[in-house]
Enquirer: 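Pasting a structure here, questions to come.
All of these numbers come straight from a predicted model, not from anything done at the bench. We name chains A, B, ... by the order of the sequence lines, and we start the count at 1 in each one.
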2 protein chains.
Amino acid sequence: MADVARLAGVSSQTVSRVANGHTSVVESTRRQVLNAMQQLGYRPNSAARALKRGEFRTIGVILFTLATTGNSRTVEAIAAQAAHEGYAITLIPVAMPTQDGVLGAFTRLGELAVDGVIVIMEVHLLDAANLVLPPGVQVVVVDSDAGDRYPVVDTDQADGARQAVRHLLELGHDTVHHVTGPAESFSSERRALAWRTVLEDAGRVVPPVQRGDWTALSGYEAGLRLAGDPTCTAIFCANDQMALGVLRALHERGRRVPADVSVAGFDDIPDAASYLPPLTTVHQDFAEVGRQCVQGLLDQIRHHTREPGTVLVPTTLVERASTAPPGNRR
Amino acid sequence: MADVARLAGVSSQTVSRVANGHTSVVESTRRQVLNAMQQLGYRPNSAARALKRGEFRTIGVILFTLATTGNSRTVEAIAAQAAHEGYAITLIPVAMPTQDGVLGAFTRLGELAVDGVIVIMEVHLLDAANLVLPPGVQVVVVDSDAGDRYPVVDTDQADGARQAVRHLLELGHDTVHHVTGPAESFSSERRALAWRTVLEDAGRVVPPVQRGDWTALSGYEAGLRLAGDPTCTAIFCANDQMALGVLRALHERGRRVPADVSVAGFDDIPDAASYLPPLTTVHQDFAEVGRQCVQGLLDQIRHHTREPGTVLVPTTLVERASTAPPGNRR
DNA sequence: CACCCTCATGTTTACGCAAACATCACACCA
DNA sequence: TGGTGTGATGTTTGCGTAAACATGAGGGTG
């Protein structure tokens, strides 16, 4: 900066003013400074800037994995929105969903240059690790039921599941089987609860849930179990990938979809439209989730508030070819 | 820090020494300082640290999207390895693969607190934008042919494609059709070139390529075109998602896989094992790519060198149920 | 024509930390 | 017993920036 100032024949403060777009710099001076900057390849040092300003203009995102579609799409949306607001994103992956893992990440986060954190995971893992968030670091949580203690942004899991199950019942199925995700997952539990509630409210039999772990393979295994049950005519899967596995299992066992069995998923990943048959599924608006997260976090940062509460992002059912009335021979 | 020093009854320098694990602090003093830190909730300010040390311990990752499996898995691996080395990851998404987009990201990067950058995209987009990388910011590139100018880490695209095509020829197919990715993609072009070369070397007819854009939908469209050609008995798709689309198209047109047509993919995404039928595909070792990227970048940062060259990460063919000899009626 | 006000620009300072150097106490040896 | 060395701790300084305050030139007004 001093070099630029010297070359432009001004003081370093004037260089600073130009760099920050201050108004009270005469056009000719501004141009000289910009010239000098260009010539010397000057770039402001963000460490010094952050030190002086007391903020990093950076948001940390803490998560277990990018491997699930939901996470990676949420992160992408967060990154896009953050960039839009002039914030950078720092990724903090936690190796395993263990207490130690989470704690480790947050210890690092404490030293990390972030103004706030978005947590994409179950909040009970934070609690279990007895985490005290570094003071001054604001938090927004995704995929959690901690709306009473933290600001939470989430897809409206319950409503999405309700839509899918009701859709199947309305097609005329007696009941709907469910392939659920891991028990630790809040989204998974919420979807299962909504599924059960709809069935109970409609006075239907509630079949035992088939437990999966979000992967297509676990869906396949669940599907094999269900394929053996001739009364099973409708299956609601907690995500699209498990639905893919279910489709494969049904196919291998000679049960046609949707003629013999209807299958619905959750997420609406791009591939779902190309499954065999194209999958009826619940569409999640990840972009909106990302937007709300960043907006909520920046509000907190700017106003130094922390208001617990949950923002729910609506879902929509996308009807494709994997659901039909029972006994439909097409 | 001054507060901690006061409370512990030592100088701030001693606090600094404790915080950085220096040796020459007597145990009793160290404990006092740690106590004071705990009590006051002290955590080092990373901006000041970075300013003093002249490094950020942060790596920037610049990319177009996390939506493709390859990218998100590479990023995940990079993040894991970086964390292992005590580095944080800053994500810089570029909205569109246009010159402006890339330039914008790098301008921001210049101000960003990073010691180095990993670029997950075509290097010609950097060139097209006439980018001068900020001095002092080291670069490693993924998915590019710029090995003569930048250090490049990449999956061995050519060998992977060769394995897939040879596998199909060895099964007895006269030739192999190809569904390729976008022309701007280096991986895509490299896979296509290897496909063509294997066919030519074997003296086979080289059918026209079917152009896709990595999505399952584009694969579906390509598949519809190929399904109409009765001489087409083997299809090599440049990624698994397009293969998914091809499978759907073949299915809809009544062409059985692998009895009538064999299909192979590339990537080995987890879902591929659950396709109908389970997909024969080329396995990419994304974790290794991430490891090599970080390692290479840190080497550069630490030794202030920049050695162009390409590190190729080997691939393996995973044979599943989507390929078989031609005319195989199972 | 003197005064004051405004606006462009310069000077000083502090942000929090850690390297470099300075100091001091104590132990050991001749 | 004085000298010397060693290791623990304190003091000074500067990293690059921007806020706060200082300066000074020019223009307008009575």
Enquirer: Rounded to the nearest angstrom, tell me the gap between atom CD in A:E27 and atom P in C:dC7.
Expert: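 Interatomic distance, CD of A:E27 to P of C:dC7: 17 Å.
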Enquirer: Taking OP1 and OP2 of D:dG10, is either one under 4.0 Å from a side-chain nitrogen or oxygen of B:T14?
Expert: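 Yes, B:T14 has a side-chain N/O under 4.0 Å of OP1/OP2 on D:dG10.
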Enquirer: If you only use heavy atoms from C-beta on, which nucleotide in D:dA18, C:dG16, C:dT9 is closest to the side chain of A:V26?
Expert: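 Selected nucleotide (nearest to the side chain): C:dT9.
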Enquirer: Distance-only, no hydrogens or angles: does the B:T58 side chain make a donor-acceptor pair with backbone N or O of B:F56 under 3.5 Å?
Expert: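 It does hold such a pair.
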Enquirer: Starting at CG of A:L297, measure out to CD of A:Q292 and round the result to the nearest 0.5 Å.
Expert: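 The distance works out to 12.5 Å.
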Enquirer: Give one of base, sugar-phosphate or nothing for A:S12, where a contact means two heavy atoms less than 4.0 Å apart.
Expert: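 A:S12: no heavy atom of the nucleic acid under 4.0 Å.
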Enquirer: Using a 4.0 Å heavy-atom cut-off across all strands, classify A:V25 as base, sugar-phosphate, or nothing.
Expert: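 Contact class for A:V25: sugar-phosphate only.
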Enquirer: Rounding to a whole Å, what distance do you find between A:R49:CZ and D:dA19:C1'?
Expert: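 Interatomic distance, CZ of A:R49 to C1' of D:dA19: 14 Å.
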Enquirer: Between C1' on D:dG16 and OH on A:Y42, what's the gap in Å once rounded to a whole number?
Expert: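 Roughly 8 Å, once rounded to whole Å.
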Enquirer: Given the rule in the side-chain hydrogen bond (donor to acceptor under 3.5 Å, both in side chains) test, do A:T155 and A:Q284 qualify, once you have shown the distances and angles that lead to the verdict?
Expert: CA-CA 7 Å; A:T155 290; A:Q284 289 206 58; 2.5 Å; yes
Enquirer: May I ask you to evaluate whether B:N20 reaches the phosphate of C:dA18, defined as a side-chain N or O under 4.0 Å from OP1 or OP2?
Expert: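 Yes, B:N20 has a side-chain N/O under 4.0 Å of OP1/OP2 on C:dA18.
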Enquirer: Strictly below 4.0 Å: does B:S16 bring a side-chain N or O up to OP1 or OP2 of C:dA19?
Expert: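 No, no such contact exists.
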Enquirer: Is it true that, when you exclude B:R190 itself, more than 12 heavy atoms of the residues, nucleotides or ligands shown sit nearer than 6.0 Å to its CZ?
Expert: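 Incorrect, the count does not exceed 12.
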Enquirer: Considering heavy-atom distances to DNA chain D, does A:M1 or A:R17 have its closest nucleotide positioned more toward the 5' end?
Expert: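 Looking at DNA chain D, the more 5' nearest nucleotide goes with A:M1.
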Enquirer: Given atom CZ of A:R53 and atom P of D:dG16, what is their separation to the nearest angstrom?
Expert: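 After rounding, the gap between these two atoms is 17 Å.
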Enquirer: Output the rounded distance in Å from CG (A:L51) to C1' (C:dT13).
Expert: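 Those two atoms, CG and C1', are 13 Å apart.
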Enquirer: So, under a plain 3.5 Å distance rule, would you say the side chain of A:R43 forms a donor-acceptor pair with the base of D:dG16?
Expert: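 No.
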Enquirer: For B:T29 and A:A2, find the nucleotide of DNA chain D closest to each by heavy atoms; which residue's nucleotide sits nearer the 5' end?
Expert: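 First, find each residue's nearest nucleotide; the 5'-ward one identifies B:T29.
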Enquirer: Find the distance B:K52:NZ to C:dC17:C1' and express it as a whole number of Å.
Expert: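 Whole-Å distance recorded here is 7 Å.
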Enquirer: CD of A:E55 versus P of C:dC15: gap in Å, rounded?
Expert: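 Checked: the CD to P distance equals 17 Å.
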Enquirer: Would you indicate whether A:E27, at its atom CD, is surrounded by more than 12 heavy atoms from other residues, nucleotides or ligands within a distance under 6.0 Å?
Expert: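 Yes, enclosed.
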Enquirer: Please report, rounded to the nearest Å, how far the P atom of C:dT12 is from the CD atom of A:Q13.
Expert: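 A:Q13 atom CD is separated from C:dT12 atom P by 13 Å.
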